[in-house]
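Numbering starts at 1 and runs along the sequence shown. Keep in mind that the numbers below use all heavy atoms, side chains included, and drop hydrogens, waters and symmetry copies.
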Amino acid sequence: MRMYDIIMKKRDGGILSKEEIDFFVRGYTGEDIPDYQVSALLMAIYFNGMNKEEILNLTMAMAESGNTLDLSAINGIKADKHSTGGVGDKTSLVLGPMVAALGVKMAKMSGRGLGHTGGTIDKLESFPGFSTEISTDRFIDNVNNIGLAITGQTGNLAPADKKLYALRDVTATVDNIPLIASSIMSKKLAAGADAIVLDVKTGSGAFMKTEEDAFELAKTMVDIGNGAGRNTIGVVSEMDQPLGFAVGNILEVIEAVDTLKGKGPKDLEELCIVLGTYILIATGTAKDEAEAETMLRGVIESGAALDKFKEFVAAQGGDVSMVEDMSSTLECKYVEEITAPVSGYVTHIQSDAIGLAAMVLGGGRETKESVIDLSVGIVINKKVGDYVEVGESLATMYSNDVKKSEDARKRVIAAYEFSDEKPEVKPLIKGVVK
């Protein structure tokens with residue numbers, strides 16, 4: 001078998017066999033096939049696409065290119081959730097404790113954020129002492145005993161994906177649904193869960209800007225998961241404005257804790273209820289949507305979800321005393337109101353601009369080497385559909401650097417659009433893919 005023939009076959013619109021896909025993934029991971037040949041194949045895939053079988057075979061080859069997490073020692077059905085990313089997306093911090101409080105086993109591997117704000121791991125490190133660098137044995141014990149554990153991604157989990165993504169990033173082949181779907185799902189499959197719920201974002205703060213593309217990505221990933229024997233469901237959700245109000249690491253943790261206390265933003269609570277509903281259904285914990293929603297709202301009202309969150313944080317070394325008074329964690333130097341330049345209804349908030357404002361303040365990473373300032377960020381006070389008077393606060397900015405604050409302030413103001421007419425507010429949940 002020759003890489004040249006595989007490139008030519010896909011260039012001419014052919015369908016690659018499992019053996020051909022395994023050959024190129026194995027050869028590239030083992031550094032037997034050079035970048036320039038894989039670059040040519042990626043571009044051929046970009047233009048000619050892949051069918052459902054090819055995508056599944058590519059995903060499985062990448063998932064099996066390194067270590068896989070053996071979760072067989074965990075009792076019961078193991079669930080996982082993945083979000084394609086967005087601004088103010090702190091759902092894992094709320095969703096995990098909610099479903100764990102109902103007996104679901106959530107064994108989750110998360111990464112650090114590269115972009116506007118930190119990832120789930122960065123946010124959890126707001127709790128002094130919290131560690132995701134735990135052994136596999138402790139990870140499994142925590143899931144068995146508590147129902148929830150979050151650990152950092154291992155260096156050898158789906159190494160083929162890491163190599164291929166780095167190459168896609170410099171060859172203009174990132175924006176391709178078969179390659180995006182196989183990249184995401186290879187890591188999910190390697191992480192060992194039995195049931196997977198996907199939150200696919202669409203809008204100005206999402207990678208998928210249009211609903212059509214978001215549904216196509218969701219369908220492709222659901223097909224991969226189900227084809228690999230994992231019960232997989234996709235939820236397409238709105239990201240045309242930030243989720244909740246907080247954008248920034250500690251600020252998002254505070255908002256997540258408020259949501260577990262039943263005092264959080266309604267959109268964040270709604271999304272967690274919907275994602276939790278499909279986790280309960282996928283794991284057989286609830287028979288239908290109505291039963292699942294009742295169960296999920298029940299653990300918030302009873303305080304069981306908050307108690308589970310505390311148990312989870314303590315089990316991974318974090319100081320849970322701050323959960324009772326999260327405001328004590330706000331230690332930045334400057335708190336400033338960003339005011340409206342005009343009066344009118346908010347018709348649009350450019351989500352990625354708000355995210356970039358948080359990153360400018362130091363709340364995110366421009367490169368992998370960047371050090372995050374966990375204390376900074378933006379809390380938006382007006383969302384789409386709200387009326388604002390000139391001079392009224394649009395957002396509150398938390399910062400530690402005056403120069404950075406000026407740049408961030410301009411970005412926040414520019415992100416808002418206003419009108420004299422009240423806009424129609426888009427639904428948060430666009431649809432479900434099974």
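Heavy atoms of other residues, nucleotides or ligands lying less than 6.0 angstrom from CD of E336 number more than 12. Within 6.0 Å of CG in D420 there are 12 or fewer heavy atoms belonging to other residues, nucleotides or ligands.
Here the straight-line distance linking atom CD of E54 with atom CG of L56 works out to 11.0 Å at 0.5 Å rounding. A distance of 7.0 Å separates CE in M185 from CE in M221, rounded to the nearest 0.5 Å. A distance of 7.0 Å separates CD of E238 from OG1 of T202, quoted to the nearest 0.5 Å. Put simply, CG on D89 and CE on M239 are 5.5 Å apart, with the number rounded to the nearest 0.5 Å. For the atom pair CE (M62) and CG (L164), the distance works out to 6.0 Å, reported to the nearest 0.5 Å. In this structure, the separation between CG on L217 and NZ on K201 is 13.0 Å, given to the nearest 0.5 Å.
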Run N381 and T396 through side-chain hydrogen bond (donor to acceptor under 3.5 Å, both in side chains) and show every step you take. CA-CA 7 Å; N381 299 319; T396 306; 3.1 Å; yes
Go through the steps for E301 and R297 under the test salt bridge (charged side-chain N to carboxylate O under 4.0 Å, His left out), then give the verdict. CA-CA 6 Å; E301 291 166 8; R297 293 196 183 280; over 6 Å; no
Dump the intermediate steps for side-chain contact (heavy atoms from CB on, under 4.5 Å) on L124 and F130, then the final yes or no. CA-CA 7 Å; L124 285 167; F130 188 95; 3.6 Å; yes
Quick one, I338 with R411, criterion side-chain contact (heavy atoms from CB on, under 4.5 Å). Give me CA distance, side-chain angles, the key distance, then yes/no. CA-CA 11 Å; I338 300 174; R411 290 173 186 271; over 6 Å; no
How far apart are the C-alpha atoms of D175 and Y46, what are their side-chain angles, what is the distance that settles it, and do they pass the side-chain hydrogen bond (donor to acceptor under 3.5 Å, both in side chains) test? CA-CA 8 Å; D175 189 14; Y46 185 91; 5.0 Å; no
Working for side-chain contact (heavy atoms from CB on, under 4.5 Å), residues K404 and S399: CA-CA 8 Å; K404 291 178 179 179; S399 69; over 6 Å; no
Under the criterion side-chain contact (heavy atoms from CB on, under 4.5 Å), I'd like the reasoning laid out for V257 against K261: C-alpha separation, chi angles, the key distance, then a yes or no. CA-CA 6 Å; V257 171; K261 292 177 178 177; 3.6 Å; yes
Could you go through the salt bridge (charged side-chain N to carboxylate O under 4.0 Å, His left out) check for D407 and K403 one step at a time? CA-CA 7 Å; D407 186 357; K403 289 183 180 178; over 6 Å; no
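Across all their heavy atoms, K10 and G49 have their closest contact at NZ-O, 3.0 Å. Closest heavy-atom contact between N226 and T232: OD1-N, 3.0 Å. Listed here is the closest heavy atom pair of F309 and L93: CD1-O, 3.7 Å. Annotation for N249 and G363: closest pair ND2-O, 3.0 Å, computed over non-hydrogen atoms. Pairing each heavy atom of V346 with each of K382, the nearest pair is CG2-CB, 4.2 Å. Closest non-hydrogen pair, P242 versus D267, comes out as O-OD2, 3.9 Å.
For the 3.5 Å distance criterion, the side chains of S375 and D373 qualify, holding a donor opposite an acceptor. A donor-acceptor pair shorter than 3.5 Å can be found between the side chains of K81 and S92. No side-chain N or O of T91 forms a donor-acceptor pair with one of D199 less than 3.5 Å apart.
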Please set out all donor-acceptor pairs under 3.5 angstrom arising from side-chain atoms of residues 275-282, sequence neighbours excluded.
from : atom 1 : to   : atom 2 : distance (Å)
T277 : OG1    : I273 : O      : 2.7
Y278 : OH     : E289 : OE2    : 3.4

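Remark: side-chain polar atoms of S204 are paired, donor with acceptor, to backbone N or O of S351 under 3.5 angstrom. Checking side-chain atoms of N67 against main-chain N and O of L157 turns up no donor-acceptor pair under 3.5 Å. Judged purely by atom type and a 3.5 angstrom limit, K163 uses its side chain to pair as donor or acceptor with the backbone of Y28. In this structure a side-chain-to-backbone donor-acceptor pair under 3.5 Å is present from E252 to G248. Looking only at distances, no side-chain donor or acceptor of E392 sits under 3.5 Å from a matching main-chain atom of V388. Of the possible polar contacts, one joining the K187 side chain to the S183 backbone as a donor-acceptor pair under 3.5 Å is found.
Two residues are said to be in side-chain contact when any heavy atoms from C-beta on lie closer than 4.5 Å; T132 and S110 fail this criterion. Annotation: side chain of M359 is in contact with side chain of L356 (closest heavy-atom distance under 4.5 Å). Between K430 and F215, the closest side-chain pair of non-hydrogen atoms falls below 4.5 Å. The shortest side-chain heavy-atom distance between P423 and V384 falls under the 4.5 Å cut-off. L394 places none of its side-chain heavy atoms less than 4.5 Å from the side chain of I380. Using a 4.5 Å heavy-atom cutoff, the side chains of E389 and S343 are in contact. Taking the side chain as every heavy atom from C-beta outward, D223 and I55 never approach each other to under 4.5 Å. M50 has its side chain within reach of I21: a pair of non-hydrogen atoms, C-beta onward, lies under 4.5 Å apart.
Between R230 and D80 there is no salt bridge, since no side-chain nitrogen of the basic residue lies less than 4.0 Å from a carboxylate oxygen of the acidic one. Note on K310 versus E324: salt bridge recorded, some NZ/NE/NH1/NH2 to OD/OE distance being below 4.0 Å.
Every pair passing salt bridge (charged side-chain N to carboxylate O under 4.0 Å, His left out) that includes a residue from residues 311-321 is listed here, sequence neighbours excluded: K308-E311.
Under a cutoff of 6.0 Å and an axis angle of 45°, K422 and Y387 do not form a cation-pi pair.
Partners of K426 by side-chain hydrogen bond (donor to acceptor under 3.5 Å, both in side chains), not counting sequence neighbours, listed by chain and number: D240.
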